[in-house]
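As structure tokens, the structure follows; a few thoughts come after it.
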Amino acid sequence: MQQLAFRKFLPLFDRVLVERFTAETVTKGGIMLPEKSQGKVLQATVVAVGPGSVNQKGHVLPVSVKVGEKVLLPEYGGTKVVLDDKDYFLFRDGDILGKYVE
Amino acid sequence: MQQLAFRKFLPLFDRVLVERFTAETVTKGGIMLPEKSQGKVLQATVVAVGPGSVNQKGHVLPVSVKVGEKVLLPEYGGTKVVLDDKDYFLFRDGDILGKYVE
Amino acid sequence: MQQLAFRKFLPLFDRVLVERFTAETVTKGGIMLPEKSQGKVLQATVVAVGPGSVNQKGHVLPVSVKVGEKVLLPEYGGTKVVLDDKDYFLFRDGDILGKYVE
Amino acid sequence: MQQLAFRKFLPLFDRVLVERFTAETVTKGGIMLPEKSQGKVLQATVVAVGPGSVNQKGHVLPVSVKVGEKVLLPEYGGTKVVLDDKDYFLFRDGDILGKYVE
Amino acid sequence: MQQLAFRKFLPLFDRVLVERFTAETVTKGGIMLPEKSQGKVLQATVVAVGPGSVNQKGHVLPVSVKVGEKVLLPEYGGTKVVLDDKDYFLFRDGDILGKYVE
Amino acid sequence: MQQLAFRKFLPLFDRVLVERFTAETVTKGGIMLPEKSQGKVLQATVVAVGPGSVNQKGHVLPVSVKVGEKVLLPEYGGTKVVLDDKDYFLFRDGDILGKYVE
Amino acid sequence: MQQLAFRKFLPLFDRVLVERFTAETVTKGGIMLPEKSQGKVLQATVVAVGPGSVNQKGHVLPVSVKVGEKVLLPEYGGTKVVLDDKDYFLFRDGDILGKYVE
């Protein structure tokens, strides 16, 4: 049931591993932004999802997002995870605000 | 089950995306109001709703409002979401106080 | 199931919209009371009720008061709602202390 | 199911309306007690009871005391209610400590 | 189901009425102890028990101790109750640590 | 169901009575340790167990340790109980970290 | 159901005993790192797992990791356990962030 876009790490329960979009470092007009002025990136791509949370009866409730989907993260929360020297973030499925659809 | 008035963003679980009515910037008598005197706008239009929360058995409990409905928001709470440079707000279905009916 | 005494606003879930009795501004002896001395009015009339709260199975549990009933409010709590320039208050059904019966 | 000893007020859910015994203002030896020395009266008579709390399935769980019973109140808690210029107190059924039996 | 060793008071729900053992006021060697040096008495005799707590389905879960049993009380908690000028204590069944068996 | 290694005291519900191992007061090299340097002893032997906690349906869920087993205690928590002038400790079954097996 | 890689200690309920990877004390370039500069090691190997948590019906919900698996620990939490003079850590199954798969 769990999906493994990111080949080597499998989140447990209802955790979702995401990779944030890269922050905009240049304005539309071409001016470079100092690090302080770069907003917190809340958009991310799902790279791995856990099998889902387990209810009191032992049944698994699958997560609501899939690998590859673009999601909107809450401003706070999430756990930074470093895999192969790259930053990823773990969020509980229920904390992800929504997803972008085509 | 979920509805997608706002074409590109789908809230997750029981989240509801709303667009607040524009604040009154002019009094009935025609005097312009400074930004400070403009009350917080608590009326909003539902622009997208999530599929609903998932109970312990995995069944989805649909949200109680529909896209297009006019709702009354609580004074506090909600998460600002910027989509296409426009401000929207996410509220949990259960936090919306009521809806206006014709 | 929900009732709509107040024609244009429908509370959601187990919320109850009430209109407080007008505060006594004159003593029994006919002396006008300054605003400070006027007690907080805890009696109110139900003007609209929500459909009821939704349990884990998706069943609706109706509220315990009806439009038109006179109720006793708790001293604290409730959310002020302005409809047509008139003040109303929203309370959770379970927070209303009791009702007056004839 | 609810009982209405006090004719005009019906508590909601598992609330119980009680009337405290009058405080002893005179000692056994006949000396008048100043108000400060009068202990808090914890004994009371049940004057009205709610229908009971409602469980998740919508079933009513009746309260455990009846109108007319003498009960022992906890030292703190309860909500003062004034009915016909007389003080009464509302307690949750589960907060009443016990009852006196003959 | 409830038991009434103490004839006139019936605890409600899972409450247990106990009478603490009398504090030792004299050491084994016969020296009188000042009140401060007397330890808090944690042993008690059950004098009355409630019918038990009520679960969500309305079924009663009986208490685990019986009238006459010697029990060990937690150091904190419990509610002092004065009946016929004598001190008793009410504890929730689940807060009693254990019982002494012969 | 409950077991009674310690003959006279029966813990209630899911409580477990343990006796801590005696603290090492001498180093391996034979030097006496002052009381302050003696570590807190977290190993203990189970001497009595309660019948188990009671679920909402009234069924008993037995405890997971047995009299005579060696267990690892959490660093904080537990209630000291003095029986026959000897110190014992009561822990909730769920707070015991693990057991030593041969 | 429980597994016992570590021969002598069996965690209770949903606890998982892990051994952290050894901290890097030398940089890739061969320079020794002072203790302060050594990051907290969040990778660990599972050495023993409890049988699982027990639900309200008494059924055991097995843990989601197995002995020998490489897991990612949260930055905070866990209980240090010393077995045979070696440091191990106990974590609740639900607190382990994910596992590394080949």
Side-chain angles (χ1 to χ4, degrees), chain C residues 1-2 11 13-18 20-21 23-24 27-29 37-46 49-78 89-102, chain D residues 1-20 44-69 71 73-74 76-96:
Chain C
M1 206 148 352
Q2 62 267 30
F13 298 101
D14 60 342
R15 290 186 185 88
V16 174
L17 187 75
V18 299
R20 286 178 195 269
F21 288 16
E24 279 169 36
T27 64
K28 289 180 183 180
S37 310
Q38 298 169 15
K40 202 174 181 180
V41 178
L42 299 180
Q43 279 126 319
T45 306
V46 175
V49 303
S53 58
V54 179
N55 73 4
Q56 274 289 304
K57 290 192 173 166
H59 300 316
V60 172
L61 306 174
V63 300
S64 62
V65 292
K66 284 201 278 284
V67 169
E69 287 188 323
K70 311 293 175 219
V71 295
L72 181 69
L73 305 174
E75 199 160 350
Y76 301 102
F89 291 84
L90 276 173
F91 281 86
R92 295 271 172 185
D93 180 39
D95 291 340
I96 295 175
L97 299 177
K99 55 188 176 191
Y100 296 91
V101 289
E102 310 295 309
Chain D
M1 207 149 352
Q2 63 267 29
Q3 294 164 293
L4 233 111
F6 187 85
R7 208 181 47 81
K8 297 195 328 224
F9 184 77
L10 175 64
L12 288 178
F13 298 101
D14 60 343
R15 290 186 184 88
V16 174
L17 187 75
V18 300
E19 185 184 347
R20 287 178 194 268
T45 306
V46 176
V47 292
V49 303
S53 59
V54 178
N55 72 5
Q56 275 289 305
K57 290 193 173 166
H59 300 316
V60 172
L61 306 173
V63 300
S64 63
V65 292
K66 283 200 280 284
V67 169
E69 287 188 324
V71 295
L73 305 174
Y76 301 103
T79 304
K80 196 167 97 173
V81 173
V82 182
L83 298 167
D84 290 344
D85 293 323
K86 216 169 141 181
D87 286 0
Y88 295 91
F89 291 85
L90 277 173
F91 281 86
R92 294 270 172 185
D93 180 40
D95 291 340
I96 295 175

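Scope of the values below: all heavy atoms of this structure, side chains included, with no hydrogens, waters or symmetry mates. Note on naming: letters A, B, ... go to the chains in the order of the sequence lines (proteins, then strands), and numbering restarts at 1 for each one.
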If one checks every heavy atom of C/L61 against chain D at 4.5 Å, the contacting part turns out to be side chain
Rounded to the nearest 0.5 Å, how far does NE2 of C/H59 lie from NZ of D/K57?
9.0 Å
With rounding to the nearest 0.5 angstrom, report the CG to CG distance, C/L72 to D/L10.
11.5 Å
If one checks every heavy atom of D/D14 against chain C at 4.5 Å, the contacting part turns out to be neither
Nearest heavy-atom approach of D/F9 to C/V101 is N-CG2, 4.4 Å
Out of curiosity, C/I96 CD1 to D/F13 CZ, how far, rounded to the nearest 0.5 Å?
8.5 Å
